[in-house]
Amino acid sequence: MTEAGKGMLAAILAMGVLHFTMMMWLYITRMRAFKQAGVTPDTATFATMRKLPDWALNPAANYNNLTEAPPLFYAVVIVIVLLGQADTVNVALAWLYVAIRVTHSLWQSLVNRISIRMMLFAASWFVLAAMIVRSGWQVLT
């Protein structure tokens with residue numbers, strides 16, 4: 001495997017670290033919020049969960065968000081590597097995607113002003129779209 005291919009696959013692993021980090025953040029903040037609200041996991045309901053403070057809800061929402069668009073990123077990276085299209089541009093795009101998603105996760109979990117979050121989400125999609133179009137173009141030509 002080429003160094004570029006390894007670099008692209010490492011970006012998938014970095015996204016895995018982000019996903020794991022957000023799962024731990026979600027768990028820690030949820031348990032702290034439960035304690036403050038006098039709720040236990042056994043007594044928690046969907047209605048109870050919605051009443052938790054934003055600092056406990058936002059990491060959970062971000063964790064869920066990481067199960068939506070990033071799996072397409074994983075597939076695209078694997079396809080690019082398998083097609084032998086891993087190069088410096090695709091490595092840079094893959095890591096740019098990771099950087100934007102990390103920024104998006106931090107923003108959503110800590111600040112969560114929607115206008116900025118939407119721009120970060122859109123930026124990650126533009127990067128992913130560039131990877132898809134670039135790879136598709138190489139396949140077709």
Worksheet entry | Heavy-atom pair with the smallest gap, counting every atom of Asn58 and Gln108 | CB-O, 3.2 Å

Discussion item. How long is the straight-line distance from CD1 of Ile80 back to CD1 of Ile132, given to the nearest 0.5 Å?
Written reply: 8.0 Å

Worksheet item: If you measure from CE on Met8 to CG on Asn90, what distance do you get to the nearest 0.5 Å?
Response: 4.5 Å

Discussion item. Within this structure, what is the CD1-CD1 distance for the pair Ile12 and Ile78, rounded to the nearest 0.5 Å?
Written reply: 4.0 Å

Item to complete: For residues Leu120 and His104, report the shortest heavy-atom separation together with the two atoms involved.
Response: CD1-CA, 3.9 Å

Practice prompt. Can you tell me which residue pairs pass the side chain to side chain donor-acceptor pair (under 3.5 Å) test with a partner in residues 34-47, sequence neighbours excluded?
Written response: Thr40-Thr43, Thr45-Thr48

Worksheet item: Between atom CG of Leu66 and atom CG of Leu26, what is the distance when rounded to the nearest 0.5 Å?
Response: 10.5 Å

Worksheet item: Do Met49 and Phe34 come within less than 4.5 Å of each other through their side chains, counting heavy atoms only?
Response: yes

Worksheet item: Minimum heavy-atom separation for Ser109 to Met22, with atom names?
Response: OG-CE, 3.0 Å

Fill in: Residue pairs fulfilling ring-ring contact (aromatic ring centres under 6.0 Å, His included) with at least one residue in residues 55-74, sequence neighbours excluded
His19-Tyr63, Phe73-Tyr97

Discussion item. Give me each pair satisfying side chain to side chain donor-acceptor pair (under 3.5 Å) with a member in residues 64-73, each pair once, sequence neighbours excluded.
Written reply: Asn65-Glu68, Asn65-Arg101

Worksheet item: With Arg32, which residues qualify under salt bridge (Lys or Arg N to Asp or Glu O under 4.0 Å), at least two apart?
Response: none

Practice prompt. Taking the side chain as every heavy atom from C-beta outward, state whether Ile100 and Trp125 have any pair of such atoms under 4.5 Å apart.
Written response: no

Worksheet item: Heavy atoms, side chains only, cut-off 4.5 Å: are Val79 and Gln85 in contact?
Response: no

Discussion item. Looking at every non-hydrogen atom in both residues, tell me the closest pair between Val139 and Leu83 and how far apart they are.
Written reply: CG2-CD1, 3.6 Å

Discussion item. Heavy-atom count check: over 12 atoms from other residues, nucleotides or ligands less than 6.0 Å from Met31 CE?
Written reply: yes

Worksheet entry | Non-hydrogen side-chain atoms of Val91 and Thr88 separated by less than 4.5 Å | no

Worksheet item: Rounded to the nearest 0.5 Å, what separation is found between the CZ atom of Phe121 and the CD1 atom of Ile116?
Response: 15.5 Å

Worksheet item: Any side chain to side chain donor-acceptor pair (under 3.5 Å) pairs touching residues 20-30, not counting sequence neighbours?
Response: none

Discussion item. My understanding is that only residues two or more places apart in sequence, or in another chain, count here; which of them pass salt bridge (Lys or Arg N to Asp or Glu O under 4.0 Å) with Lys51?
Written reply: none

